[in-house]
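Worksheet: the structure to be examined is printed underneath.
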Amino acid sequence: MKIFISARVDRKEIERLKQVGADIEFGGYGVTGEKLSETELKSKLADVDIAITEFENITELVLSQATKLKYLACLRNEPGASVDMAAAKKKKLPILFAPGRNAISVAEYTIGLMLAATRFIAQSHHLLRYTDELTSVNYNDKQGERGKITSEWSLDPGAPFQRFQGEELYEKTAGVVGFGMVGQEIGKRLHALGMNLLVFDPYVTDEKLKEFSAKKVDLESISRESDFVIMAAKVTEETRGMFGAKNFELMKQNAYFINTARAALVDYEALVGALSKKKIAGAALDVYPSEPLPAESKLRELDNVVLSPHLAGATFDVVKHHTRMVVSDVLAIMKGEKPKYVFNPEVL
């Protein structure tokens, strides 16, 4: 079986395919960090049985030239981000994918952003590392004999201890919007931290909620009752723009808004308004309506928001996860068995 791989993969996992005689060629983004062009893809996929991609754009033209292709794997949660799914359906081509490949990564990062926002980690690091604001100071309680105490920064008003006192997560209420693979991984960690868990997801089962001691509520209740509102939904026609001005208006003044999912779920103008007016305590964001974040973005002017450049799913471990998933499915195919992770099973 001939396989072309342009995705980032764990080479140790790929050895499992080589051991059963797979003929494998590597190229594209997974090797050079640059996506192959449409012309290059047409050439590479022309005579392979299986193609394993990640970020390359698999167009209708590319698929029309891939006459021997039996399976295409796109190692993303939503392969439609890279693959022309209508063309794949027309060709009756099964698309393998890697659902939940980055769920743990995103969940851990979400907790990190929550702590960064509530405990001023990013802000105090910046001040200490890049300015003299916290170091070139003569604190009143560090004079005389007390100046010899090196294990205490200062308790003066305005010193870090008082200035950056924050909130614990313990016993606070977290509202998770969307309770799929990512939402559930977030839920596990919130539960372990001793938080109360509210969930908005019309499709989640009572059995699943019971696992997390979570309560199913509507979006208004999430907005009104949560100390942290956490976006973890996929973008669909149902969810696009689901959290807007009305929801921010309902939030507590001491509540935080966290988004490591997608910006399209949220009215960002309403979010900026809520932050500017101190209607909510703060936010921590990893995704934006336009990426990279424009230099003139109003978010960069606010002192109650933590910003990161779409990094929640960026871990080396994600590559291990999605490689293991696709290799297991390809091995199943080579044995004549049905693969587990097929995005469009109706074509099988």
Side-chain angles (χ1 to χ4, degrees), residues 1-31 35-36 41 44-60 62-107 180-185 234 313-348:
M1 180 172 286
K2 194 169 183 180
I3 302 173
F4 175 69
I5 301 175
S6 66
R8 298 171 301 155
V9 290
D10 182 340
R11 295 297 180 103
K12 291 182 180 179
E13 286 288 333
I14 296 299
E15 285 298 318
R16 295 165 59 196
L17 296 177
K18 291 184 177 180
Q19 289 170 7
V20 295
D23 178 11
I24 300 173
E25 179 186 358
F26 296 94
Y29 187 89
V31 175
K35 295 190 289 185
L36 293 171
L41 283 168
K44 292 295 185 182
L45 271 58
D47 63 345
V48 299
D49 300 295
I50 295 177
I52 300 175
T53 69
E54 186 177 5
F55 299 124
E56 262 81 12
N57 299 317
I58 310 300
T59 64
E60 181 177 14
V62 170
L63 291 178
S64 69
Q65 300 294 309
T67 56
K68 295 183 180 180
L69 195 64
K70 298 179 179 66
Y71 284 87
L72 172 67
C74 180
L75 303 186
R76 305 186 70 169
N77 293 312
E78 300 171 15
S82 298
V83 180
D84 186 328
M85 297 304 297
K89 181 178 181 180
K90 183 179 179 181
K91 189 179 175 68
K92 295 184 178 179
L93 179 68
I95 306 298
L96 307 180
F97 73 129
R101 65 171 184 154
N102 61 357
I104 293 172
S105 175
V106 174
M181 291 184 174
V182 172
Q184 289 170 34
E185 290 294 341
K234 291 183 178 180
T315 66
F316 297 112
D317 302 274
V318 168
V319 176
K320 295 179 182 179
H321 299 326
H322 72 214
T323 308
R324 188 178 303 117
M325 295 166 76
V326 74
V327 167
S328 296
D329 265 353
V330 172
L331 288 173
I333 291 168
M334 294 176 73
K335 294 176 184 177
E337 299 171 356
K338 183 179 178 180
K340 183 176 181 180
Y341 300 108
V342 184
F343 189 80
N344 54 346
E346 69 277 2
V347 306
L348 292 175

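Here the structure is a predicted model, which is why all the values come from computation and not from measurement.
For Asp84 (side chain) and Ala86 (main-chain N/O), a donor-acceptor pair under 3.5 Å exists by modelled atom type. Side-chain atoms of Asp23 never come within 3.5 Å of backbone atoms of Met1 as a donor-acceptor pair (strictly under, hydrogens ignored). Remark: side-chain polar atoms of Thr53 are paired, donor with acceptor, to backbone N or O of Ala73 under 3.5 angstrom.
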Could you walk me through whether Phe97 and Arg76 satisfy the side-chain contact (heavy atoms from CB on, under 4.5 Å) test, starting with their C-alpha distance in whole Å, then the side-chain angles of each, then the deciding distance to 0.1 Å, before giving a yes or no?
CA-CA 6 Å; Phe97 73 129; Arg76 305 186 70 169; over 6 Å; no

Taking it one step at a time, do Lys12 and Glu15 satisfy salt bridge (charged side-chain N to carboxylate O under 4.0 Å, His left out)?
CA-CA 5 Å; Lys12 291 182 180 179; Glu15 285 298 318; over 6 Å; no

Working note: Lys35 + Asn57, criterion side-chain contact (heavy atoms from CB on, under 4.5 Å); need CA distance, chi angles, decisive distance, verdict.
CA-CA 8 Å; Lys35 295 190 289 185; Asn57 299 317; 3.5 Å; yes

With side-chain contact (heavy atoms from CB on, under 4.5 Å) as the criterion, how do Asp49 and Ile3 come out once you've worked through the C-alpha distance, each side chain's angles and the decisive distance to 0.1 Å?
CA-CA 6 Å; Asp49 300 295; Ile3 302 173; 5.9 Å; no

Lys18 vs Arg11, test: side-chain contact (heavy atoms from CB on, under 4.5 Å). Steps then yes/no.
CA-CA 10 Å; Lys18 291 184 177 180; Arg11 295 297 180 103; 5.6 Å; no

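Side-chain contact between Leu17 and Leu331 is present, with heavy atoms from C-beta onward closer than 4.5 Å. Contact check for Lys90 versus Glu60: side-chain heavy atoms found under the 4.5 Å cut-off. Contact check for Ser328 versus Arg16: side-chain heavy atoms found under the 4.5 Å cut-off. Contact of the Ile58 side chain with the Leu41 side chain is registered, since non-hydrogen atoms from C-beta on lie closer than 4.5 Å. Considering only heavy atoms from C-beta on, Ile14 comes within 4.5 Å of Thr323 through its side chain. Inter-residue side-chain proximity for Val83 and Phe343 is flagged as unmet; no heavy-atom pair is nearer than 4.5 Å.
Shortest non-hydrogen contact noted between Ala46 and Thr67 is O-OG1, 3.8 Å. In this structure, Ala66 and Lys91 approach most closely via the heavy-atom pair O-NZ, 3.1 Å.
Using a cutoff of 4.0 Å between basic side-chain nitrogens and carboxylate oxygens, Lys320 and Asp10 are not scored as salt-bridged. Lys44 and Glu56 are not joined by a salt bridge, as no carboxylate oxygen comes within less than 4.0 angstrom of a charged side-chain nitrogen.
Expressed to the nearest 0.5 Å, how far NZ of Lys2 lies from CD1 of Ile24 amounts to 12.5 Å. To the nearest 0.5 Å, atom NE2 of residue His322 and atom CG of residue Leu96 are 13.0 Å apart. Considering CG of Leu75 and CD1 of Ile52, their distance stands at 6.5 Å, rounded to 0.5 Å. Atom CZ of Phe4 sits about 14.0 Å away from atom CD1 of Ile50, to the nearest 0.5 Å. In this structure, CG in Leu93 is found 10.0 Å from CG in Leu348, a value given to the nearest 0.5 Å. Between atom CD1 of residue Ile95 and atom OG of residue Ser82 there is a gap of 11.0 Å, rounded to the nearest 0.5 Å.
Counting non-hydrogen atoms of other residues, nucleotides and ligands closer than 6.0 Å to NZ of Lys234 gives a total of 12 or fewer.
Taking the ring axis of Tyr341 as reference, the NZ or CZ atom of Arg101 does not stay both within 45° of it and closer than 6.0 Å to the ring centre.
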